[in-house]
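See structure below.
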Amino acid sequence: MQGQLKVYNTLTRQKEHFLPLNPPLVGMYLCGPTVYGKAHLGHARSAINFDTIFRYLKHLGYQVRYVRNITDVGHLERDADEGIDKIAQQARLESLEPMEVVQRYTNSYHQDMDLLNVQPPSIEPSASGHIPEQITMIQQIIKAGLGYEAHGSVYFDVEAYNKAHHYGKLSGRIVEDLLADTRPLSGQQEKHNPLDFALWKKATPGHLMRWPSPWGEGFPGWHIECSAISTKYLGQPFDIHGGGIDLLFPHHECELAQAQAASHAELAKYWFHNNLITIRGQKMGKSLGNAITLEQLFKGRHPLLDQAYSPMTLRFFVLQAHYRSTISFSNEALQAARNGYLKLMNGLKVLTELPVPKDSGAGMDQDMAAQIKHSCNRCYEAMNDDFNTAQMIAMLFNLLKSINALRNGQLSPYLLGSTVFENLKNTYATFVQDILGLRQESSVSATALIDILLGLYSQAKVQKQYDQVDAIRAQLQELGIALQDTPMGVHWCYT
RNA sequence: GGUCGCGUGGCCGAGUGGUUAGGCAAAGGUCUGCAAAACCUUCUACGGUGGUUCGAACCCACUCGCGACCUCCA
């Protein structure tokens, strides 16, 4: 539809035509959140960027199975010898069961995603629910001679793997360079090589999250869940693997190597990476302590925030930049995003109120019609060029000028003809709502509106304008609202 | 240190060898009982130096500044 989609593939470092392995089916995997804390702006960016990609692929007619995992086990907090995973750590602080922490933050994540109008993925598997699959994959890797056990833990043998494959081909690393630069970390004496990474970790006695395995009680390594889960639901290879650019190395590199080692096949055909949100020139990240959670943003409760910003403001803010560029966070930028978002939404409202012109046949403004048609097409061209939402939004603002001109009577719909008008209407509405995923955030409450009417009602009554009094009462009655004059004033109730 | 990326007007941010990106903010105008919105106009920038070219913000070299990954990270 509307030209051909080109996407930037991190694996090949260039834009390529998007050719799914089994069209019209598309398999897409995204590294989801680790649920040991509230989601922050970075989580939102990734989710919004890939949500938009998901929406656009569906719009193009693809049948997309979108898998986004929930990481609820096993990531080491710091050094391997501590053997404490993040979730267990947090659980102790809060005196909660680990799975209670997982549930709480999973719920919180889902709430945030709903507010951001991020569509739920097709499948949202948890790591803890796929321990057997992970163990099986580890066994395959061992069988292939690319993993080894040491004292109840299992490691991936990077050197052996690199003999037949290229460890580092995704992130552009060279094993020799990596080796030349490895820092000695404590607790790595079990490894044959500093580059080797854990597939399975033996649980220390105090470790809360643990599962039985052929190597004793333990928990899966950091990377194995994604390899096991993605291939389970999407096959191998599948079409698209996504995630934040900070996951590129080592996480995605390891995922790729594990899958390759276990099944002698590529993990994914296309790798997409969204860039980061920066603040004061620096990456916003949990470990840097400069992350703003979504809750803080929506409530305006953070020292860096001048005010609260709504979910749709954030969504627009994110999508006004290309997904592979960094975005600078600032109050000024958020404020600008809010105003831009409102302008776009008001255009949608205007559009629904405009009458569809009948074709008069004569008097069409060919130039104007051509211009609108051109802008409509360019919305598709922008999205087809590696999901360039920034450029697409610019086109929508161009269309918006015409839409507002139509409303003001500065431009007559008859000059456009019904075909162009319908094209304008459909394109604008489709891109704003279905693809950008923007929706109205109306804060107007019905009771507040009724109160205003009650004021006018009372005033009219005092002035003995009974026609108006009766009219207000009758019209509210039609809406199921009855007015009642009492000695205490005017009340209303549902009827 | 290794690898990679970025530096665009007051702010955010596309783009890329010759054509207005767009939004926000600001100024002027049209409209208007007031206000707002909308529309029109203005502000025409690409870190620095040198080179290639008829022509570079876009290519090349050097240089300055910033950042990301290499450890958990969206």
Side-chain angles (χ1 to χ4, degrees), chain A residues 10 13 30-34 36-37 39-50 68 71 75-80 85-86 89 109 168 171-174 176-183 185 188 194-195 197 222 242-253 273-278 280-288 291 316-344 346-347 350 375 378 382 385 388-411:
Chain A
T10 308
R13 290 166 190 255
L30 177 68
C31 291
T34 304
Y36 68 101
H40 58 77
L41 260 42
H43 295 102
R45 180 171 195 192
S46 193
I48 290 167
N49 282 151
F50 282 94
R68 188 185 65 203
T71 297
H75 288 191
L76 298 180
E77 179 69 271
R78 288 193 195 289
D79 292 351
D85 78 36
K86 282 185 169 173
Q89 177 102 326
Y109 183 74
S171 57
R173 313 280 153 146
I174 297 157
E176 288 70 35
D177 290 350
L178 291 169
L179 277 170
D181 199 45
T182 45
R183 287 176 276 180
L185 292 172
Q188 298 202 329
L195 293 185
F197 54 90
W222 175 31
I245 200 166
D246 50 348
L247 294 177
L248 180 55
F249 189 87
H251 185 55
H252 290 163
E253 195 70 63
H273 289 95
N274 67 276
N275 217 314
L276 310 175
I277 292 180
T278 60
R280 293 172 174 167
Q282 256 202 326
K283 166 187 170 178
M284 181 183 283
K286 191 166 243 175
S287 51
L288 293 169
F316 183 86
F317 173 71
V318 165
L319 293 174
Q320 221 186 1
H322 184 76
Y323 77 94
R324 284 193 290 117
S325 301
T326 53
I327 318 178
S328 305
F329 169 90
S330 70
N331 280 282
E332 225 178 338
L334 262 292
Q335 190 59 55
R338 183 193 129 78
N339 291 338
Y341 156 71
L342 290 174
K343 199 168 160 180
L344 217 48
N346 282 329
V350 167
S375 290
R378 284 197 58 187
D385 185 10
N388 196 329
T389 52
Q391 218 162 48
M392 182 260 274
I393 287 173
M395 286 308 126
L396 291 179
F397 277 110
N398 285 345
L399 290 175
L400 182 58
K401 280 193 207 296
S402 304
I403 291 167
N404 283 324
L406 285 167
R407 185 199 65 173
N408 287 354
Q410 292 159 317
L411 177 64

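Values in this document were obtained by computation on a predicted structure and should not be read as measured data. The chains referred to below are lettered A, B, ... by the order of the sequence lines, with proteins before strands, and numbering in each begins at 1.
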Could you state the atom-to-atom distance from [atom1] of [X] to [atom2] of [N] in whole Å?
X        : N     : atom1 : atom2 : answer
A:Asn331 : B:C24 : CG    : P     : 18 Å
A:Ile327 : B:C11 : CD1   : P     : 18 Å
A:Gln410 : B:U41 : CD    : C1'   : 14 Å
A:Arg378 : B:U19 : CZ    : P     : 14 Å
A:Phe249 : B:G5  : CZ    : P     : 17 Å
A:Phe317 : B:A14 : CZ    : P     : 10 Å
A:Leu344 : B:G23 : CG    : P     : 11 Å
A:Leu411 : B:C40 : CG    : P     : 11 Å

Heavy atoms only, 4.0 Å cut-off, all strands: where does [X] land among base, sugar-phosphate and nothing?
X        : value
A:Met395 : nothing
A:Ser325 : sugar-phosphate
A:Asn274 : base
A:Asn388 : sugar-phosphate
A:Ala390 : base
A:Leu396 : nothing
A:Gly42  : base
A:Leu248 : nothing

Would you indicate which nucleotide in [options] comes nearest to any side-chain atom of [X]?
X        : options             : result
A:Lys401 : B:C40, B:G2, B:A74  : B:C40
A:Asn398 : B:A74, B:G22, B:C69 : B:G22
A:Asn339 : B:C4, B:A25, B:C69  : B:A25
A:Ala321 : B:A74, B:C24, B:A14 : B:A14

Contact nearer the 5' end of RNA chain B, comparing A:Lys286 with A:Gln282: A:Gln282
B:C59 - base-pair partner by Watson-Crick or wobble geometry, distances under 3.5 Å: B:G51
Stacked cation flag A:Lys286 on A:Tyr36, 6.0 angstrom / 45 deg: yes
Mutual orientation of the aromatic rings belonging to A:His273 and A:His252 [parallel < 30°, tilted 30-60°, perpendicular > 60°]: tilted
Below 4.0 Å: OP1/OP2 of B:G13 and any side-chain N or O of A:Ser328: yes
Main-chain N/O of A:Gly168 paired to A:Glu253 side chain as donor or acceptor, under 3.5 Å: yes
Between A:Ser46 and A:Asn274: side-chain donor-acceptor atoms closer than 3.5 Å: yes
